[in-house]
S.K.: 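Pasting a structure below so you can have a look.
These figures come from a predicted structure and were not determined experimentally. When reading the values below, keep in mind they use all heavy atoms of this one structure, side chains included, and skip hydrogens, waters and symmetry mates. Chain identifiers are assigned alphabetically (A, B, ...) following the order of the sequence lines, protein sequences preceding nucleic acid strands; residue numbering begins at 1 within each chain.
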Protein chains: 2
Amino acid sequence: MKLLDIGVLSERTGVPASALRYYEEVGLIAPVLRRGLRRQYGPETVTQLSLIALGKAAGFSLDEIKGMFNANGAPELPRSELQQRADAIDRQIRGLTTLRDALRHVAECPAENHMACPKFQQLLRLASAYKRGGRHRS
Amino acid sequence: MKLLDIGVLSERTGVPASALRYYEEVGLIAPVLRRGLRRQYGPETVTQLSLIALGKAAGFSLDEIKGMFNANGAPELPRSELQQRADAIDRQIRGLTTLRDALRHVAECPAENHMACPKFQQLLRLASAYKRGGRHRS
DNA sequence: TATTGACCTCAAGTTGGCTTGAAGTGGGAT
DNA sequence: ATCCCACTTCAAGCCAACTTGAGGTCAATA
């Protein structure tokens with residue numbers, strides 16, 4: 001039975017031990033047991049942390065991530081809610097695609113004033129159309 | 001010449017006036033002039049704010065966004081740097097795609113233990129493969 | 001001319017997500 | 001048996017990105 005000390009888990013995932021303790025405090029992960037005072041983690045925690053990293057990169061708060069997959073990888077939310085979050089991510093992907101294209105454009109277009117460039121204008125219309133894939137605090 | 005009062009700009013973009021002043025403080029936007037003490041914004045600020053919203057949704061800090069398009073829509077960074085940021089966004093899009101699929105999976109899969117489900121395992125391998133599209137504080 | 005109300009500044013407060021520091025604990029190699 | 005050192009707790013501190021509040025300005029309407 002291969003259990004991981006917090007230091008090993010930290011090194012293996014790149015997440016600082018202090019952050020791991022914090023994640024536990026907010027209910028995102030949990031050690032399978034304690035040896036003395038020391039937390040012993042199961043190997044599945046490594047994959048949980050990948051998911052958490054992904055959720056963070058997507059701009060979700062730790063609380064929201066908790067709703068998607070809790071300490072067992074099972075969601076705390078109803079299916080419909082999860083589908084809505086998936087849809088929100090889809091919208092965000094479209095927004096990011098526009099942003100990426102806009103960025104590549106300003107990197108390549110020789111025009112000195114991008115605001116005047118027709119291609120950029122086109123991208124801006126898409127940007128405005130995007131309007132809030134809006135996950136945020138509240 | 002159609003200038004916008006901060007209240008109008010705020011209402012039109014959904015960004016609170018306090019946030020607009022803050023954006024100015026950090027150098028993201030600027031009024032074209034002041035009438036008395038009051039800021040008067042040009043209409044292009046509306047599109048700038050769309051771009052800013054997009055960048056925020058992508059997880060960029062205000063400082064990073066400033067590097068992409070400054071108050072004139074022109075970048076403060078060299079092309080190569082912008083291309084790298086575009087590439088980072090591409091990686092993030094792939095990560096988000098995986099997250100979305102994982103989410104849809106847990107919403108649909110009847111298995112009680114997702115960690116055991118082969119399809120989920122497959123998604124997790126992708127999640128681990130993603131490993132840091134890593135934009136973050138310094 | 002007086003009042004209104006949207007604007008202004010500046011300082012302080014808030015929230016999320018951690019990090020840092022001080023002081024203590026305990027498993028395992030010597 | 002002792003020492004080390006990675007671990008522990010708990011409180012406080014920190015940063016970004018704003019928000020809130022107190023007190024002030026001023027253009028336009030009544």
S.K.: Can you list the residues that meet the side-chain contact (heavy atoms from CB on, under 4.5 Å) rule with A:Ile6, with sequence neighbours excluded?
M.R.: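 If we apply the side-chain contact (heavy atoms from CB on, under 4.5 Å) test to A:Ile6, skipping adjacent residues, the hits are A:Ala17, A:Leu20, A:Arg21, A:Arg39, A:Tyr41.
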S.K.: Side-chain N or O of B:Tyr23 less than 4.0 angstrom from OP1 or OP2 on D:dC18?
M.R.: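 Answer is yes, contact under 4.0 Å.
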S.K.: Which of these passes side chain to side chain contact (heavy atoms under 4.5 Å, CB included) with A:Leu9: A:Val15, A:Thr45, A:Leu3?
M.R.: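 Of the listed options, the one satisfying the test is A:Thr45.
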S.K.: Would you classify B:Asp5 as touching base, sugar-phosphate or nothing, given that sugar-phosphate means primed atoms plus P, OP1 and OP2, and contacts are heavy atoms under 4.0 Å?
M.R.: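 Sugar-phosphate: the residue B:Asp5, judged by heavy atoms under 4.0 Å, touches backbone atoms but no base.
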S.K.: Considering only side-chain heavy atoms of A:Lys56, which listed nucleotide, D:dA17, C:dC7, C:dC18, is closest?
M.R.: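 Selected nucleotide: C:dC18.
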S.K.: Which of the following nucleotides, C:dC18, D:dC7, D:dA17, is nearest to the side chain of B:Leu62?
M.R.: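 Looking only at heavy atoms from C-beta outward on B:Leu62, the closest nucleotide is D:dA17.
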S.K.: Please write out each protein N/O paired with an N/O of nucleotides 20-30 of chain D under 3.5 Å, distance rounded to 0.1 Å.
M.R.:
none

S.K.: From the set C:dC8, D:dC18, C:dC18, return the single nucleotide nearest to any side-chain atom of B:Ala19.
M.R.: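 Looking only at heavy atoms from C-beta outward on B:Ala19, the closest nucleotide is D:dC18.
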S.K.: For B:Gln83, which residues count as a side chain to side chain donor-acceptor pair (under 3.5 Å) partner, sequence neighbours excluded?
M.R.: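 By the side chain to side chain donor-acceptor pair (under 3.5 Å) rule, B:Gln83 matches A:Arg104, A:Glu108.
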S.K.: The criterion is salt bridge (Lys or Arg N to Asp or Glu O under 4.0 Å); which residues satisfy it with B:Glu11, sequence neighbours excluded?
M.R.: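 Applying salt bridge (Lys or Arg N to Asp or Glu O under 4.0 Å) to B:Glu11 gives none.
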S.K.: Roughly how bent is the helix from C:dT1-D:dA30 to C:dT30-D:dA1 end to end, in steps of 10 degrees, with each end axis from five pairs?
M.R.: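 Nearest ten degrees gives 10° for this helix.
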S.K.: Counting only side-chain nitrogens and oxygens, does B:Arg39 get under 4.0 Å of the OP1 or OP2 atom of C:dA6?
M.R.: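 False: B:Arg39 side-chain N/O out of range (4.0 Å or more) of C:dA6 OP1/OP2.
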